[in-house]
Amino acid sequence: DEIRHSNSAEYISKVNWLVHLQRLLEQLQMNNGMCRVGRGEQLMREWEAERNQLRHDLKLMFNPQFGSLLRTYENPTYFMRRLGRFADLYTSSLNNLLHYSPNHVFYPRRAALPHEPIL
């Protein structure tokens, strides 16, 4: 059920808008400190409220008591971190593997550390 929600058009649309809105907030803050003066301050408050509402709405799309099994707002849950650490391969359906030969090798992707450049 969680995978179905994560792949829904509504969820994808809300996540895309959330990411874009967070970038706008960051840009507003970097714009010569104008975010805390006049219209910039008001816009910042409105966008922060919209961001908070989006985060809340996304969480409610899953279990209303605790949200997603795989993510807590921007961060993976403990369960997801364990799954990622110990699972050799993760997919939402075994049918996704039908397009690969039995001899196919899945190589792990290198995860960038916070101080490394993203290539």
Side-chain angles (χ1 to χ4, degrees):
D1 198 40
E2 178 146 349
I3 301 300
R4 185 175 50 81
H5 285 302
S6 295
N7 290 323
S8 73
E10 179 186 11
Y11 181 82
I12 292 168
S13 174
K14 286 186 178 193
V15 167
N16 283 334
W17 176 236
L18 177 64
V19 169
H20 186 70
L21 186 59
Q22 288 179 168
R23 287 186 187 138
L24 289 171
L25 283 162
E26 290 168 0
Q27 289 174 358
L28 185 60
Q29 290 183 92
M30 298 302 291
N31 188 12
N32 299 324
M34 296 301 291
C35 65
R36 299 295 177 196
V37 179
R39 175 70 180 128
E41 181 179 12
Q42 179 186 351
L43 190 57
M44 189 81 175
R45 281 196 310 264
E46 290 171 7
W47 284 353
E48 286 172 345
E50 185 174 355
R51 176 185 175 268
N52 291 338
Q53 185 63 51
L54 270 170
R55 292 174 75 209
H56 180 73
D57 292 349
L58 286 166
K59 184 174 182 176
L60 290 181
M61 290 181 80
F62 300 100
N63 185 300
Q65 272 68 46
F66 57 82
S68 170
L69 286 173
L70 306 176
R71 180 177 297 281
T72 302
Y73 297 117
E74 292 84 15
N75 302 310
T77 61
Y78 180 76
F79 173 73
M80 184 63 210
R81 288 193 308 270
R82 296 298 89 183
L83 182 64
R85 183 171 180 195
F86 295 111
D88 290 327
L89 190 63
Y90 174 79
T91 182
S92 60
S93 171
L94 287 176
N95 292 332
N96 294 335
L97 300 176
L98 291 175
H99 304 289
Y100 297 95
S101 79
N103 298 326
H104 187 87
V105 176
F106 293 92
Y107 295 97
R109 293 185 179 155
R110 179 182 169 89
L113 298 175
H115 67 278
E116 294 179 323
I118 298 173
L119 304 174

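Numbers here are sequence positions counted from 1.
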What distance do Ser93 atom OG and Leu98 atom CG have between them, rounded to the nearest 0.5 Å? 8.0 Å

Should Leu94 and Leu97 count as side-chain neighbours, where that means a heavy-atom distance under 4.5 Å? yes

Closest heavy-atom pair, Tyr11 versus His5, reported as atoms and distance to 0.1 Å, is CB-O, 3.1 Å

Can you confirm whether Trp17 sits close enough to Lys14 that some side-chain heavy atom of one is under 4.5 Å from a side-chain heavy atom of the other? no

Return yes when atom OH of Tyr78 has more than 12 non-hydrogen atoms of other residues, nucleotides or ligands closer than 6.0 Å, and no otherwise. no

Pairwise distance CZ(Arg45) to CG(Leu43) - rounded to 0.5 angstrom: 10.0 Å

How many angstroms lie between CG in Leu24 and CD in Gln29, if you round to the nearest 0.5 Å? 11.5 Å

Please check if any side-chain donor atom of Gln53 sits under 3.5 Å from a side-chain acceptor atom of Asp57, or the reverse. yes

Evaluate side-chain contact (heavy atoms from CB on, under 4.5 Å) for Leu18 paired with Arg51, printing each intermediate quantity in order. CA-CA 6 Å; Leu18 177 64; Arg51 176 185 175 268; 3.7 Å; yes

Hey, does Met61 have a side-chain heavy atom less than 4.5 Å from the side chain of Ser8? yes

Is there a continuous path of hydrophobic side-chain contacts, each under 4.5 Å between heavy atoms, that joins Leu21 to Val15? yes

So Glu46 and Glu50, side-chain contact (heavy atoms from CB on, under 4.5 Å) or not? Walk me through it. CA-CA 6 Å; Glu46 290 171 7; Glu50 185 174 355; over 6 Å; no

Take atom CG in Leu60; do more than 12 heavy atoms of anything else shown fall under 6.0 Å from it? yes

Enter the distance from Arg82:CZ to Phe79:CZ here, rounded to the nearest 0.5 Å. 11.5 Å

Return the minimal non-hydrogen interatomic distance between Glu2 and Leu70, and the atom names on each side. OE2-N, 3.3 Å

Suppose we screen for salt bridge (charged side-chain N to carboxylate O under 4.0 Å, His left out). Which residues come up paired with Glu26, at least two apart in sequence or across chains? none

Between Arg81 and Pro76, which heavy-atom pair has the shortest distance, and what is it? NH1-O, 3.0 Å

Thr72 side chain to Thr77 main-chain N or O, any donor-acceptor pair under 3.5 Å? no

Atom pair CZ (Arg23) and CG (Leu28), whose distance is rounded to the nearest 0.5 Å: 16.0 Å

Within-4.5 Å side-chain heavy-atom neighbours: Met80 and Leu69: no

